[in-house]
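Data block below; observations after.
When reading the values below, keep in mind they use all heavy atoms of this one structure, side chains included, and skip hydrogens, waters and symmetry mates. Per chain, numbering begins at 1; letters A, B, ... match sequence-line order.
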Amino acid sequence: MTENSKQTMSDRYSPADVEEKVYAWWEQSGFFKAQDQSTKPPYSVILPPPNVTGFLHLGHAVDHTVQDVLVRWKRMNGFNVLWLPGTDHAGIATQAVVEKELKKENLTRHQLGREKFVARVWEWKHQYGDRIYSQMRKLGDSCDWDRAVFTLDEGVSKAVRKVFVSLYKKSQIYRGTRLVNWSGPLESAISDLEVEHRQIKGSLWHIKYQVEGTQDFLIVATTRPETLLGDSAVCVHPDDERYKHLIGKHVVLPLLGRKIPIIADTYVDPQFGSGVVKITPAHDFNDYKIGKTHQLPMINILTKKCELNENAGPYKGLKVQEARKRILEDLKTQGLLEKEEPHALSVGHCSRTGAVVEPFLSDQWFMKMDQLAVPAKRVVESGTIRFEPESWTKVYLHWMNIIEDWCISRQLWWGHQIPAWYCEDCQHITVSETDVTECETCHSKNVRQDEDVLDTWFSSALWPFSTMGWPQETETAKTFYPTSILVTGHDILFFWVARMIMMGLEFKRDVPFREVYLHGLVRDSQGRKMSKSLGNSVDPVEMIGKYGADALRFSFIAHLFSGKDFKFSEQRIEGYRNFMNKIWNGTRFALAALQDFQIPTDGLKALPNKIHLSVYDQWLIFKLGEVEKTVEESMEQHRFSDATNALYQFVWYEFCDWYIEFMKPVLNGAPSVDRENSQLVVAQTLNRIMRLLHPFVPFITEELYQKLPLHDKTCMLDQYPNPRNDREFLALGSETAALEVDLIKEVISAIRNIRGENRISPAQKINVRLVPGDGEVQKHLAHNKSAIMTLGRIENFEIGDEGNLSKCALAVINVKTAQVKVVIPLEGLVDIEEEVKRIQKLVEKLTKDIGSLSGRLNNENFVKNAAEEVVEADRQLLAQSKNQLQNLQDSLTRLR
RNA sequence: AGGGAGUUAGCUCAGUUGGUAGAGCGCCACCCUUACAAGGUGGAUGUCGCAGGUUCGAAUCCUGUACUCCCUACCA
């Protein structure tokens, strides 16, 4: 970076002039790189791989900010940090994007054929796949880019195959005909987790099924009348007196005329509806189970596109909704529709396409989950993996207890094709890590590979080790596996986190991470999920353009409390943009005052013996030490917002509003020892401020850091300040000085308060008489005379007795045991009535306080039971309050 | 239906061993005081969802209750 401290700085911080330049410099300098071998302790984080088709959205931005904060903080704490980036091939999403493109050319993927289509997707990936990476750079993500991985890279693909084959050989992966969630538009199965349930106002239709050979009807209620075409039985409760005699007989299926049996099962709730349930094993999950136990035929009535098939007789070719309409009409005509009543139900929708999900019978690959779940539960129960917030532990364990087999095959073209080959001659399935040209049993060459690909989450589940070169024993894995922490949104706890834990334990014999930090999700200002369809999504890149990446990052971190979802607010970003500007200008002022600053040749270490700092310097350093302690504790506990808030307070209020104001006369004044000292303190403090803030707001801090007279090569690799490093400097802080300055601040505030409340113009100089409570306080007042005069805009300053209070404003200040009375003559300045009002307000409040305080202290039980400090503090407060009240009442009588 | 979380100032939210409520933003008043008007100074605002209980004392612990949100499951 060029030496630019002499350059003039703009009076506004302009992120656009800084961010790209600084980032490029970091990256070119190799600051993000991790070392496979190092003497430093390792710290590793894998980035939840965003979809390769994706744009960076607000959810990513939050997720990445948290990770970048952690990673930068650890790096500055001397860790060998690996933040491993990657992207996900995102089967469905990516295929959809490219299909959309094809559509513009009036092509479908089927016309193109599988091979050409996949080639086309790769082309697309090569062209746009890095887009999200460039957006991540805008945000400041300090990933080790050289290690970026794509889920379809050769290495990862090998890992995928190895895992598949291994689990298949252990019968943990199997092929089966099962009822699965089916998305018509995708013509593919989807997993349970990809189904979104939405509340729908539907109807419950009561349909008459004629009992065979009689004129009697059974009334069957259903929310999906079209499925009756696939009925293979009707079912009643075995003890239901109404229907007992019919069990074993048959009914005639309306419209199709098929005869189906009346069976009995305790699954039926006699209280609900008519107590008779139609059983459609091929299109309903509950019915499927009943169908299995009663060995009923599974009648599939749908095609892969979710249109009715030949089993639907006259309704063949219709879409589900059309069929429903037609069937209801026909039932009505035939007098078989008893009634229709409104009924609220929730219907599964495909999270990708929004289409209604149909339970569909098909051949799929499944992963058995129950055995894998056992150790995955144990590591969480034992605390080997900790969730943060802890409440997710329960949710996780609950889910693991009811876990069902995972349908891992997808009828798509883009993804990891399933490494299974079917023999056309002997039907044997050969599952292999390498491509197969002949059947492993009959050696026929007549084999073809399974057309399906694996669920995207299959490869994601291996991410923590597949990205580190597994199955090879790499140095990377030796150093960085298990990873230190996983940061992600709670929405993919089951999709991803749980499955990584299971796979890590199965294949690495070790947890993939020890900590899971689940942050909240960003919602819009009304608390709704952000989504494209609602049109309420916010583009973080646009926000960065408007306010800068640092402001955006800070706004996330400052409001990221305990994993709760939080509402997006542009106003908040603006507020933190203002904070960035404050940092910029505070530094700008300080740098101007440091133009002639000479770095002491013997360094800082000799300082304590050499210089005597002003109370303001000692006060500032003391506060700085306190902030560093707070920040360290907060960071250790991952209470990031506590850290940012403490820094915000310190930088804006303590440093800018008070310290700079106290020191302006000195810093802008003639050369002096005080000035030299202060310059040193300012230079050091700024340096520490930049380092403290760096993980949160990396761009502005690096830029300013480079302009400081005291700095190292780069802020991002400098040591993170804490109360233990640079002790020599922090030791210059003093609590006694801090108390003195706190008292002076109170005095100045009291003067300002009297001015403000009495509407005394800032231009109006006033006189003040300060009455110290004791000799010590008197010394402090005298010592800080000029600060009080400047900041209080005082013309004549006097320390002494109370004297004549006639026509004077009065304030009584207590800081710990110190007391100061502030007396300001108002005669000829303002209307006395304003001051009367002000004092009356105080009197009122004090009277109330004294009432409750003395009430409590008169309570024997309180005095007896409460902690001694508490009682003592109350006694002191009461005495002070009484004293203040007395003074104010006196002044009231003498005011007019 | 089961599970989880929430209810504190106009808004968004803090409040870590129980000790007389805080921040940011917004609002009101005054001020362009040469670091910053993306600023400064001062000010106002809360029976901490409701009802009980434990306690000298409860936003904080316990019980009940109302409402909101999320997740999982779903009765045809």
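Ion pair A:E844/A:K841 not flagged as a salt bridge, since none of the NZ, NE, NH1 or NH2 atoms sits closer than 4.0 Å to an Asp/Glu carboxylate oxygen. In this structure, A:R675 pairs ionically with A:D596, as a charged nitrogen and a carboxylate oxygen lie closer than 4.0 Å. Look at A:K707 and A:E703 and you find a salt bridge, because one of the NZ, NE, NH1 or NH2 atoms lies within 4.0 Å of a carboxylate O, short of that distance.
Among the heavy atoms of the strands, none lies under 4.0 Å from A:E570.
For A:T223, the listed nucleotide lying nearest its side chain is B:A76; candidates were B:U72, B:A35, B:A76. For A:F862, whose side chain is taken as the heavy atoms from C-beta onward, the closest listed nucleotide among B:G40, B:C71, B:G19 is B:G19. Checked against B:A44, B:A35, B:C75, the side chain of A:D269 finds its nearest nucleotide in B:C75. When distances are taken from the side chain of A:N859 to each of B:C56, B:U16, B:G39, the shortest belongs to B:C56. In this structure, the nucleotide among B:C75, B:A44, B:U41 sitting nearest to the side chain of A:K841 is B:A44.
At B:U41, none of the side-chain N or O atoms of A:Y653 fall inside 4.0 Å of OP1 or OP2 (strictly under the cut-off). Look at A:N753 and you'll find a side-chain N or O under 4.0 angstrom from OP1 or OP2 of B:G43. An OP1 or OP2 oxygen of B:G39 is reached within less than 4.0 angstrom by a side-chain nitrogen or oxygen of A:N578. For the pair A:W652 and B:G40, the criterion of a side-chain N or O lying under 4.0 Å from OP1 or OP2 is met. Proximity of A:K278 to the phosphate of B:A76: no side-chain N or O atom is located under 4.0 Å from OP1 or OP2. Taking only side-chain nitrogens and oxygens, A:K564 never comes nearer than 4.0 Å to OP1 or OP2 of B:A5.
Taking atom C1' in both B:G24 and B:U45, one finds a spacing of 15 Å when rounded to whole Å. As rounded to the nearest Å, B:G57 and B:A14 have P atoms that lie 30 Å from one another.
For B:C56, its base never sits under 3.5 Å from the side chain of A:K864 at any donor and acceptor pair.
Under the 30°/60° scheme for interplanar angles, the aromatic rings of A:F556 and A:F566 are found to stand perpendicular.
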